Amino acid sequence: MNRRYNRDIHHRQSIRLKDYDYSQAGAYFVTIVTHERKVLFGDVVDDEMQLNETGQLVVDVWEWLAARHSYVELDSFVVMPNHLHGIIVMDDPRRGDSRIAPTKHKSLGRLIGMVKTVTTKQINLAQGTPGQRLWQRNYYERVIRNDEEWNRVREYIAANPTQWEFDVENPYATS
């Protein structure tokens, strides 16, 4: 590996918005990619994603996130052969019963960290590969700012399997 590349990988500039509170209510488009873009979660067949057991486990953990945190809702998402695209919606913690003191949300980063940790542990346990890395160190996020953007992201997620042949995350993509 190129020594310069190896050193720079830990000094990359953050893609997060400066001074933005990622625990506040809002909709967030996220992409999480496997370590070294390894294809682990199934295959795209006839423009449809066919999950294997590992891919289904990722779906289960993604859905568990909303079941565990009442302020988290999941919108469109798709697990692809080596990545996940999804929309996470975090509600306002002050909404609901006014007799209950509002609690601070976990940040988007903490929520994604939970998904990565739980999936990694469960998959490594199931495959007998303790300590194996599953995910890349970081993740991509975008704050969804309006309904038009939200609809574009939903369309992108829904169409993702049909674009797998050309996807930048596909290690076998046709350029």
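Because the structure is predicted, anything quoted here is derived from the model rather than measured. The chain is numbered in sequence order, starting from 1.
With rounding to the nearest 0.5 angstrom, the CG atom of N124 is 7.0 Å from the CD atom of Q127. Taking CZ from R154 and CG from D147, the interatomic distance works out to 8.0 Å, rounded to the nearest 0.5 Å. H69 contributes atom NE2, which lies 10.0 Å from atom CD1 of I88 (distance to the nearest 0.5 angstrom).
T162 places a side-chain N or O within donor-acceptor distance of the main-chain N or O of A159, the cut-off being under 3.5 Å. The closest donor-acceptor contact from the side chain of S107 to the backbone of R110 lies under 3.5 Å. At least one donor-acceptor pair closer than 3.5 Å links the side chain of N82 to the backbone N or O of R37. The backbone N or O of V45 lies less than 3.5 Å from no partner atom in the side chain of D43, so there is not a single donor-acceptor pair. Of the possible donor and acceptor atoms, one in the side chain of K116 sits under 3.5 Å from a partner among the backbone N and O of Q136.
By the 4.5 Å heavy-atom criterion applied to side chains, V30 and I112 are counted as neighbours. Residues L111 and M90 form a side-chain contact, since some pair of their non-hydrogen atoms from C-beta on lies under 4.5 Å apart. Between L84 and V78 there is no side-chain heavy-atom pair separated by less than 4.5 Å. Side-chain contact between E169 and M80: absent, with no pair of heavy atoms (C-beta onward) separated by less than 4.5 Å. Two residues are said to be in side-chain contact when any heavy atoms from C-beta on lie closer than 4.5 Å; V44 and N170 fail this criterion. In this structure, V33 and Y139 have side chains that are not in contact, with every pair of non-hydrogen atoms separated by 4.5 Å or more. Put simply, the side chain of I87 does not reach to within 4.5 Å of the side chain of E73, judged on heavy atoms. A 4.5 Å side-chain heavy-atom check between T34 and K38 finds at least one atom pair inside the cut-off.
A single hydrophobic cluster is seen to contain both V58 and L74, as judged by linkage of ILVMFWY side chains at heavy-atom distances under 4.5 Å, directly or through other members. There is a path of hydrophobic side-chain contacts, each under 4.5 Å, that joins L51 to W64. Residues V89 and Y140 fall within the same hydrophobic cluster, defined by Ile, Leu, Val, Met, Phe, Trp and Tyr side chains chained together at heavy-atom separations under 4.5 Å. A single hydrophobic cluster is not seen to contain both V153 and V168; linkage of ILVMFWY side chains at heavy-atom distances under 4.5 Å, directly or through other members, places them apart.
With respect to R142 and E149, a salt bridge is recorded, a charged nitrogen being found less than 4.0 Å from a carboxylate O.
Side-chain atoms of H85 and T31 form a donor-acceptor pair, as typed in the model, at a separation below 3.5 Å.
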Working for side chain to side chain donor-acceptor pair (under 3.5 Å), residues E155 and S76: CA-CA 9 Å; E155 289 171 11; S76 300; over 6 Å; no

Test side-chain contact (heavy atoms from CB on, under 4.5 Å) applied to L134 and L40, step by step: CA-CA 9 Å; L134 177 64; L40 301 172; 3.5 Å; yes

Pair R145-W150, side-chain contact (heavy atoms from CB on, under 4.5 Å): steps then yes or no: CA-CA 8 Å; R145 293 171 173 86; W150 199 325; over 6 Å; no

From CA spacing to verdict: side-chain contact (heavy atoms from CB on, under 4.5 Å), D47, Q163: CA-CA 8 Å; D47 292 339; Q163 300 300 311; over 6 Å; no

Residue pair T119, W62: steps toward the side chain to side chain donor-acceptor pair (under 3.5 Å) verdict: CA-CA 9 Å; T119 54; W62 184 252; over 6 Å; no

Test side-chain contact (heavy atoms from CB on, under 4.5 Å) applied to D46 and E48, step by step: CA-CA 6 Å; D46 296 327; E48 289 190 20; 5.8 Å; no

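Nearest approach of I157 to P161, heavy atoms of both residues: O-CD, 3.8 Å.
Among F41, Y172, W164, the one residue that satisfies the side chain to side chain contact (heavy atoms under 4.5 Å, CB included) test with P81 is W164.
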